[in-house]
Chemist: 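My structure is below; once you've seen it, I'll send some questions.
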Amino acid sequence: MNGAGDAARTLGVADDAAGQFRVETDVMDGSSSSKVTVEYHDPSGVFPLLSPQLISRLPLRNLHWKSPARPLRSIDSLHVDLVPSKDSPDGGASTSVSTLQSGVLSADGLQRPGSGQGPAAASDAAGSSEIQRAPTRERRHQIPGLRQTPYLKVYLLRCDDSETYKASSRKLLREWVRTHTPPSQLSASSNTQDNHDAFEWLIVHVVLPDTPAANQPRGSGSASANSGGATTEKQSSGSRWTRGSSTLFEKIRADFNISSKSAPDRVAQVRLQKDAVPPHMLPQTSGTVGSPLSESPQEQNSAWDDLITKMKTLILLSFDLRVSQYEEDIREKGSQRALPGWNFCTFFVLKEGLARGFENVGLVEDALVGYDELSAELDSVIREQTSESSASPGGAFLQYTEDLQQQLSTISKEFEKSGENGCDSSHLGFGDKPLHSGKKNYRDLILSNNISVFDFRCYIFSRQSCLLLRLGNARSSRSELTARLQSQPLGSISQRSTDDLSVNTKSSQASNDTEDLSSLAELCQRALSFITSVARLLRDDLSAGVKSRPLSIPNFMIDNIVASWTFSVAEQILGDTSTPALPISKFNKDAITGSSGKMRSFGNRSEELKANVPEPKTMMHPARSSSLSNRRTSLFEPPYAQTPAAGQVVFDHNRLDDRPAVRQSGIPQPNKTGLEDLASHRAKLYLLQRRVLEHIGQCCGWLIGWAAIASVQTVQQELNEIDLSNSTSAESEDERGLEKPRKATTPIYGLCEATLANAVSSLDQFRAMYERLSDLSVKHYVVAGQAKSGERILGDLAALKFELGDFAAAAMYFSRMAPLFAENRWNFVETTMLKMYAQCLKKLNRKDEYVRTLLDLLSKSAARSKSIRLHRTSVHSKSSAEASASVATLGWLDDDRVETLGFFEELITYSEQLPYNITVPMSKYFGDIGVEPYVRHYDNKDGFQLRLQFRHLLEDDIVIQKARVRLLHTSSSQGKDIWLENEDPVHLRKGFIKTWLSSNVNTSGSYIVDKILVEAKKIIFQHEPFTKAEASTPLGISTSVSATSLKIAKKSRVLCFPRMEAFQARIFLSQFIHIDQRRSLEIECSSGWNDIQRAEIRLRAASAGLRLRTADATLVHGNITIDDKSRAGIIDFSNMPVDATTTFRIPYELETLLPELVVKLEVAYFTAKGEFLLTSSSTIPVELPLDVNVHDHFKGGSLISRFNIKTSNVAPLEVLDVRLESSNAFNVQSPRNVTTPMYVHPKQPVSVTYKITTTTPPGKRSPRDRQGPNNTQALALTVDYRSLKEVVLSRAEQIFAAAVEESSLHRLGRLLVPLFLDRLEHRILPSQFEKITLLQKASIGSFDDMGWFDCIESLPQLIRDDTRRWLKKWHENNLFIPINPTNHDEENATRTSRRIVITVAIPQTHIVHTASLNILPKERYAAHSAPVAAVGQMLLAELSIKHTRRWGSLEALKSVANLSDTKAPMDFVYDVEANPDVWLVAGQRRAQFTAKEDELLTFPIMLLPLRSGNLLLPTIDIKPRIMASRAQQSPPASGQAGVSSGESSEDSLVCETDYLTHGETIMVIPNVQSTTVGVSKFGPSGTGSVLLESEPRKFEETVS
Amino acid sequence: MGSRVPSIACIGVIGKHNNPLHISLFPPEERAPLEFSFLLSSCLDIFEARLPHKTADQDFGLLQAVDERLAMYGWLTNTGVKFVIVVDMEGRQASVFETRSSASVGLRDADLKPAFRALQTAYIGLLRNPFYDPDDHSPVTANAEQRVGSTQITSRRFIREVKRIGDTWTPGIVNI
């Protein structure tokens, strides 16, 4: 059996008939087709005549099997194997016929197995086939399931006429039926065992043409038409001939059909066409027969259909019988399971029989289920056995497999024999198909209880895989079937009979669609678990075998055998499941360049590589003997056309490589169901192979992929423990040299798989193999969409490339993969890759990338150190050693662990080669970065220092050349940024680093640390506390930026302030303001302890429209020399000694009115200790705090001016002095007692009145005339004042500063005092100043009110408490500060008092009239009391008007009033304005008069008071009147123009009236002497009074 | 050669975003961390591939047989955290009580269930720790915050528990 199988394998597909026959038997043994056997008994040799027609109607289609226990199963098609019965006399009578026929048929291409062969061939076939054994009865009970017994037996009856029938045929038939009636039909319950072979029988009446039978019709007329229906056609014409006598067919039916209704019809008839029958078969007596009945093709067809239908029914019948029989048996056996002595093997055979039965009829799924159940049962049986330990005697299975043992011993013998030379043990291998159900006579072994678990499992799996392949319609199973079907002599018919296999052997495209990839995937998946588990079995098996006999087999040999087995099984499955739907599953001539195809861009490298690595094809693909492939190869052009480099080898491989070639033709269908599954499982199989390879490699001392790299790394890390010479060098450099010794010692014996053996023949081969497998699996994974797995393998490839020295390719892989792992935080993997990547980059001299990769690595390492620190400082306060120890004992893979010793140093050193600087975020590499926000002053010079601190997390010691910190002012508009820098390089050692950074800037204000830069060679670490704070908030809640930055700013705010002794510069508004002149700022500089050689003041206006005239700067006081002030905004001066003060005054101009000026000041000054810089920014209020109004009143001889001084804001003012100086034109008479200082409150302005007279005596010409008409003589009002705010602040400052100076805090003076002032200024509200003025003291507020906390917090811890305590105390003692102006010391007074000079112009007036209204006679009325008059009494008054032109310039008057002469008289109109209710005015109430200088005019006026009481005298209004006629006199003007010009001059002519009688009253009394009033009841109201009588006064009396 | 019995070679806890949360090796000195990292990362594909066909059950059973010794088993929690156990079929020497080699028997998926349950219990315990914020261990937040380093679990208790599970598991064990 084995021999036959081997023969079939080795011979492959042979073309001769005998070969075909062997294949046939082989396949039948494998039973991988759906095929039932039908046995025919052909006593008269008609089968050859029948067969063409019959076979053309095969296979049977659309069988529907319904068994009670199962759902309806449909069998699409069922193959029928037609086999002659053993007792058929075909060897005898028809020998000549058949030989003759075989000639004929082979000429036609019609061949069939089993018939027509020589007896020798037939017996040969029978001897090796199951069929032969089946009828042999002796072991029937044991192996019921093993037989391919016929489901149907057919008697081919040739009976030409009724006579023959009656004479012999009937008897023969009866005999045959008797012997062949299935027992079940005879007696239903006699022997149930026989139902395993249940079969049905059928008689086919073959009617030859030209025989009497042929002339008979099918049925005997319509009489019998009822019995058949559609299925049985009757010979209808029989009645024509012999009435009452039925046809031959009917006779047979009557004789043999059982007359039960349910029984099937077992008789069929077919008629042969004349041309199908060779002449010698035809009866000689053809002439005697009458006209033959000619049948239509339709009738013929239906006759054949009838036959086929009957066959189907009968086959199903017997199948049903068998199934039920099997199931019953299985039940029975299964129920005995608990009994002792129950034999699984027997059960197995039984159950497998059922499965095979299913398989035979094409119910592959059912068969597979059967095998699955069996497999599970085998598992449980084994499990039981193991759990019972040795209870079952000797185990139900063998401990080891005998032939494996033999193989092992052979190998070991050869090993001993060959000794060192090494032997090729591949011929002892498992062959092309290590799993094959036909490889051993498994079933016999099972039956005889003589099988090992290993074999058992192999058998089951091989059957399962067969079934799955069939289900999957795999190409491999197809090709097998195709091969077999080809062997059937069917010729053109074969196409139809094989299409149940869906193989169109002529067109490969069609086959693509029919593969069921998911079952292939299933197979692969099963194979995976099968291989892995059974490999263990095999190992146990082998070692058990070794133990059982006195053999010394080294362990590695067992390992190798197991490996070989694993490899080859995987190979077999891969081969079986290869499908055109997976076009990538090839490793064709591109194999080498394929994987390295990605690196083609690297120029020659791929070529080089190709030269190095031998073509792997030589050892791939053991010859596949698929007939399909043979035919295909010619279709494609030879691959060597494309690969000239290794062309020869590839060409060798040409034949083997047909598989991919086929695939290329197929259009890939990526979306096919199961494609992904299949691909992924196939990839895993490849990986499995690769793992085997790796293991073997390991045995040889070859590490590959990551393992190699990992080992190198461990070596690097543990230099002490591992001897460098063996392991590292083995991989890296000297491969060739080490090959020999390895070969001598390598335990490759037992590698009986040719591919494997080849692979380990040399390291190059090994690598090539590895690469090939990796490549294949990557491609599969890509198809499967399983990127991660693919990446993993790419990683291996990358490692391989690295090992091979192909750094470019490796770098390419690494650069692709590291980010992928990084994304999901596979830190460990990522860092390992990055390290490799870095090495590649370094080798490739890609500096930038190298440095960046190193940085990446370091950042990880740093992050790790950070997190460790975090842990250590958190809950568990363990020491680091303890922590690491506990981690080690726990043995988890700390994903963060990164070894970067030496990397940092390398990075820094290497960075020198970079052409540019690289800036990286500092926080990634250093921890706890910060700047202590406390300034430290120098002891001997200006400027300050800040301490930068950070934690160096990495092991390496490095040196940083520069560390810089940038400070930014908190209010962005102000100030400029300050850079602090270290003085010397800093050596960094692991741990906390603190270093002082210094700055020469002398400034005050709060700053924030904006940027920290640490430079080490060309690597710049940059840290920006702000941006970082925004990025990371705990819990990932995004707080608004402003809030965060505010918080951070407060925390890390650096409060800068200079030393007390430092240089100082102050800008303020000049104390003296002349309202008409350019104002100026003053800069006060005090040198402090600096001996300034040279200095430069840079001023910058930060307010819009402000222009600083530095060129006009003057030195107010101080003893320095101004060198240069020509440059805009810059003043250079020099030679300022220690403790000197100097003040500059700088005029400025404003384009628009601004309440305050912002000026930025920078002073760069040079001393012997270097250059320093003072920066400050000042805001100077320039709004004047006071308003001055003037009210002028002209008298005839003097001008009365009243000055009102108000505050312009709510703060009160203190006016120290007010002066109005006389000028040469005017005399000023001051009020005699002005009390100064005066307080000016918002609601209480101060007014000062001055009397101004002209210096020229009356009557002389006015001084204005002398100086010209337009030059107005102005007086200057000087006001000395102090803003109370300034007073208070300055007073407070004075007190506070003095206190600070005396205290221990004097160092902080420059910090505290300005802050104090600032706070105070905001604290005291303007409204409070009123109170302060009145109380003469100001409330400073408590310590808490002042908000010192911010300030104190920004002080170093050390002095905080002291400061707080002192400040508290000071506040307690100084709740109020006195603001006593009398107590002001001189300095304060001068500092705060300001002077403003306001020019006061004497207003212009041309004419002044002095008017008065006097009641006449004057003497009647006393001057001191108001005159008295009675109502209705006529009063005589006199209006006197005096005219003077003294106050105005006469020239102006002349032009304005169109006078010809300055002394010419002018016309005026006076108007007495009296309330008509009060006064009755008689006389010239309104009159025109003409006046000249100093002329006094009088007008009489009568006044009659109408009411009693104190009455004001009427007022007088005097207006100049310019005559229209005068206007007309002006030559050019027209009427209109004259009017307008007259009016305009009238307007511009200023005429003042000084009305002396203004406000004088007269007492008016009623003119009644006596009055009588009656009081009684009057009118309806009843009460009231009535004037009865009154008597006027006597006039005389009044007058007198 | 003494018979060897299966034992756990590696326990991997993998987060929702396929990030490693924890990897334990048994015994740590014998296992190549890189190899197992790769194994774990590649088995995520299998989770993904099988997820669509998955019912409510959390047990993924055998993910992949790597070779004749190693096999990976998977478990998926409702929150998308994956537990992967790699079993070494010849992980350790059989003790006296486990005389017979079970190599021929193989493992059933059910054998791993107790271990997975124990792992899940341990993980739930971890989640109940108020100081453990799962978001801190997600690469999404880590990437957003530009944190460097891994997102692994550092809870000592959890690690200890995982180690205990890995050490105590044997085929057929019912409770861990």
Side-chain angles (χ1 to χ4, degrees), chain A residues 379 382-383 386 389 453 528-529 531-533 535-537 539-540 543 555 562 566 676-677 680 684 688 691-692 695 706-707 710 781 784-789 792 795 821 823-829 832 859-860 862-864 867 871 876 886 890-896 924 1031-1032 1035-1036, chain B residues 1 10 15 17-20 22-29 32-39 41-46 48-49 62 64-69 71 89-90 99-106 133 135 139 141-152 154 156 159-160 162-163:
Chain A
D379 277 358
I382 295 171
R383 226 177 271 271
T386 29
S389 67
V453 180
L528 263 176
S529 50
I531 293 170
T532 50
S533 67
R536 273 197 311 279
L537 267 180
R539 187 185 304 275
D540 284 0
S543 46
N555 267 341
V562 173
T566 310
E676 291 190 353
D677 277 354
S680 89
K684 284 175 203 159
L688 187 69
R691 258 189 111 79
V692 168
H695 276 301
W706 283 111
Y781 272 132
Q786 302 196 345
K788 293 187 197 62
S789 315
R792 172 196 154 202
F821 282 99
E823 187 187 19
N824 288 329
R825 305 265 158 173
W826 289 82
N827 223 18
F828 185 75
V829 179
T832 317
S859 77
K860 283 182 198 313
R864 156 84 178 160
S867 70
H871 273 270
H876 314 278
S886 75
L890 283 175
W892 60 297
L893 173 57
D894 190 352
D895 202 27
D896 260 349
K924 277 188 177 178
S1032 72
L1035 300 173
Chain B
M1 174 176 136
C10 170
H17 302 283
N18 290 340
N19 52 314
H22 176 77
I23 300 172
S24 271
L25 300 174
F26 306 93
E29 61 277 3
L34 202 60
E35 181 192 357
F36 281 92
S37 292
F38 277 129
L39 280 180
S41 91
S42 60
C43 82
L44 295 172
D45 278 333
I46 304 171
E48 259 162 42
L62 177 68
Q64 184 185 355
V66 182
D67 59 9
E68 56 179 285
R69 286 182 67 171
M89 295 305 286
E90 297 167 19
T99 42
R100 284 206 47 125
S101 163
S102 51
S104 54
V105 183
D133 179 11
D135 282 341
T141 44
N143 287 342
E145 292 172 19
Q146 297 176 332
R147 239 185 303 133
V148 190
S150 85
T151 51
Q152 63 186 350
T154 47
R156 226 168 278 275
I159 293 167
R160 212 176 292 126
V162 170
K163 178 172 168 55

Chemist: Is chain A contacted by the side chain of B:D135, its backbone, both, or neither, given a heavy-atom distance below 4.5 Å?
Modeler: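 Neither part.
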Chemist: Evaluate the criterion side chain to side chain contact (heavy atoms under 4.5 Å, CB included) for residue pair A:K684 and B:I46; output intermediate values, then yes/no.
Modeler: CA-CA 11 Å; A:K684 284 175 203 159; B:I46 304 171; 3.8 Å; yes
Chemist: Provide the closest heavy-atom pair for B:L44 versus A:W826 in the form atom of the first, atom of the second, distance.
Modeler: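 Minimum heavy-atom separation between B:L44 and A:W826: CD1-CZ2, 3.8 Å.
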Chemist: Heavy-atom pairs under 4.5 Å with chain A are the metric here; pick the option from B:V162, B:N18, B:L62 that has the most.
Modeler: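 Counting heavy-atom pairs under 4.5 Å, the top option is B:N18.
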Chemist: Under the side chain to side chain donor-acceptor pair (under 3.5 Å) test, which residues partner A:R691, sequence neighbours left out?
Modeler: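 If we apply the side chain to side chain donor-acceptor pair (under 3.5 Å) test to A:R691, skipping adjacent residues, the hits are B:E35, B:D67.
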Chemist: Looking only at heavy atoms, which two atoms of B:V66 and A:L688 are closest? And how far apart?
Modeler: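 Between these two residues, the closest heavy atoms are O-CD1, 3.0 Å.
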Chemist: So, do A:F821 and B:F38 sit near enough that their side-chain heavy atoms are less than 4.5 Å apart?
Modeler: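 The answer is yes, as the side chains (C-beta and beyond) meet within the 4.5 Å cut-off.
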Chemist: side-chain contact (heavy atoms from CB on, under 4.5 Å) with B:A65: which residues, sequence neighbours excluded?
Modeler: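 Result, side-chain contact (heavy atoms from CB on, under 4.5 Å) vs B:A65: A:T532.
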Chemist: Which heavy atom of A:V829 sits nearest a heavy atom of B:L34, and at what distance?
Modeler: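 A:V829 and B:L34 have their closest heavy atoms at CA-CD1, 4.2 Å.
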Chemist: Write down the atom of A:S789, the atom of B:S42, and the distance for their closest heavy-atom approach.
Modeler: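 Where A:S789 meets B:S42 most closely, the heavy atoms are OG-O, 3.0 Å.
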